[in-house]
Amino acid sequence: DPENLVTLGPYRIAEWKQGERIVLRAYPGYHGKRPKISTVICRLIAEPLTAYTFYENGRLDIIPRDLPPSFARRLQSHPDYRSGPKLSVNYLLFNVHRPPFDSAERRRAFIAAMNREVLSAFFEGAQTPVTSWIPPGLLGYDPARGIRAEGKPAANFPEKAPLKARFSGSDTWNLVFQSLQRQMLEKLGVKAKLEQLEGREFQKLLAQMTGPNRPRPESLPQLMLLGWVADYPDPHNFMNVFTTASENNYMGWKSPAYD
């Protein structure tokens, strides 16, 4: 409810139509300088290509950078183009309640077998492969932390049935998951069935996973593509995601030591 939302910035939410738009208006009681733009309309558009079309037709002034690389390249010569780092992480979420990822040993083996450089190359510089959950630019980031691709699985994957990998996003993500599918078969001997959902359908699923009638983890796929964008520039905002009580800990992984 916008009326109960507490913020510290120069804008207040004047209107919020779920799934459609958010209207921000300059707050006259803000302690700092009044912003030069008095009203900002944020269109909630699930599909990046739709946003791109709106921008080309003059219906949007700013579009996100999560466009397919071919479109991003087209915009780089535009006088409006700006580029910079973003405190966000895309990651594969293991279903720790279903084989084969109910085993920590197999989860580590999977990570060691996957080549992040190959997967990130599809984004042509827009994504940076890292092994740390805390992204570059934040306190606590350590490039030496995490499991690096070794190509030598340290655990067996005896399951014969293909596991399911669910994702959403642009056609680039489809290429990424096809590459992931090949790596899983070549390095682990594991077949994967890919399930690509439309943006709104995927957001609906995530809402169900945090609601009172959340589906049982055993009914969800073994792998899901998710992303996290910092609400504020502090490593706590990332580390808190996987605490036991976090509503963003979708698969219910638990660790007293981590908490």
Side-chain angles (χ1 to χ4, degrees), residues 1 5 16-22 42-52 63-68 86-102 106-107 110-111 114 119-120 122-123 127 133 135 159 161-181 183-184 190-231 237-255:
D1 189 344
L5 182 64
W16 182 2
K17 289 187 177 181
Q18 292 194 7
E20 185 176 336
R21 69 178 186 173
I22 297 174
C42 307
R43 295 289 303 272
L44 305 180
I45 303 173
E47 300 301 328
L49 294 186
T50 302
Y52 177 82
I63 53 175
R65 59 179 296 175
D66 58 345
L67 291 168
K86 184 178 181 181
L87 291 177
S88 67
V89 174
N90 292 303
Y91 64 98
L92 287 174
L93 180 68
F94 293 117
N95 188 336
V96 297
H97 301 279
R98 291 185 62 184
F101 300 124
D102 53 349
R106 289 177 186 166
R107 294 196 295 269
F110 175 90
I111 296 171
M114 297 301 108
L119 300 177
S120 64
F122 288 99
F123 294 95
Q127 301 270 3
W133 172 238
E159 288 75 14
L163 61 80
K164 292 183 179 180
R166 185 173 293 171
F167 65 101
S168 178
S170 65
D171 290 340
T172 307
W173 279 112
N174 190 19
L175 295 175
V176 169
F177 270 79
Q178 289 180 35
S179 176
L180 182 75
Q181 186 182 47
Q183 290 192 50
M184 290 172 61
V190 175
K191 295 181 180 180
K193 179 181 179 181
L194 305 183
E195 297 181 352
Q196 184 174 12
L197 301 183
E198 294 293 330
R200 291 182 183 232
E201 187 179 2
F202 195 79
Q203 291 301 320
K204 182 179 179 181
L205 172 63
L206 292 184
Q208 292 173 349
M209 291 173 68
T210 58
N213 300 317
R214 60 193 305 171
R216 291 170 56 87
E218 294 82 358
S219 68
L220 296 171
Q222 287 98 330
L223 285 172
M224 289 182 64
L225 171 69
L226 291 179
W228 183 255
V229 182
D231 299 302
N237 193 230
F238 284 86
M239 299 302 292
N240 188 60
V241 171
F242 291 112
T243 55
T244 301
S246 171
E247 67 175 9
N248 299 299
N249 186 0
Y250 294 110
M251 291 299 181
W253 174 80
K254 297 179 181 180
S255 169

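Aromatic ring centroids of W133 and Y91 lie under 6.0 Å apart.
Closest approach of K164 and Q222 over heavy atoms only: N-OE1, 2.9 Å. Here the closest heavy-atom approach between residue T244 and residue S255 is recorded as OG1-N, 4.3 Å. Scanning both residues, M251 and V96, for their nearest heavy atoms gives O-CG2, 4.1 Å. Taking both residues in full, the closest heavy atoms of G252 and H97 are given as O-NE2, 4.1 Å, listed atom of the first, atom of the second, then distance. Between A192 and M184, the shortest heavy-atom distance links the atoms CB-CE, 3.8 Å.
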Please walk me through it: do R216 and E218 pass salt bridge (charged side-chain N to carboxylate O under 4.0 Å, His left out)?
CA-CA 5 Å; R216 291 170 56 87; E218 294 82 358; 3.8 Å; yes

M224 and F202: CA distance, side-chain angles, deciding distance, side chain to side chain contact (heavy atoms under 4.5 Å, CB included) verdict:
CA-CA 10 Å; M224 289 182 64; F202 195 79; 3.8 Å; yes

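Under the side-chain contact (heavy atoms from CB on, under 4.5 Å) rule, R166 has a single partner from L225, L205, L194, which is L205.
Annotation: side chain of E247 is not in contact with side chain of M209 (no heavy-atom distance under 4.5 Å). Looking only at side-chain heavy atoms (C-beta outward), F101 and L93 stay at 4.5 Å or farther from each other.
Remark: E198 CD is loosely packed, at most 12 non-hydrogen atoms of other residues, nucleotides or ligands lying under 6.0 Å away.
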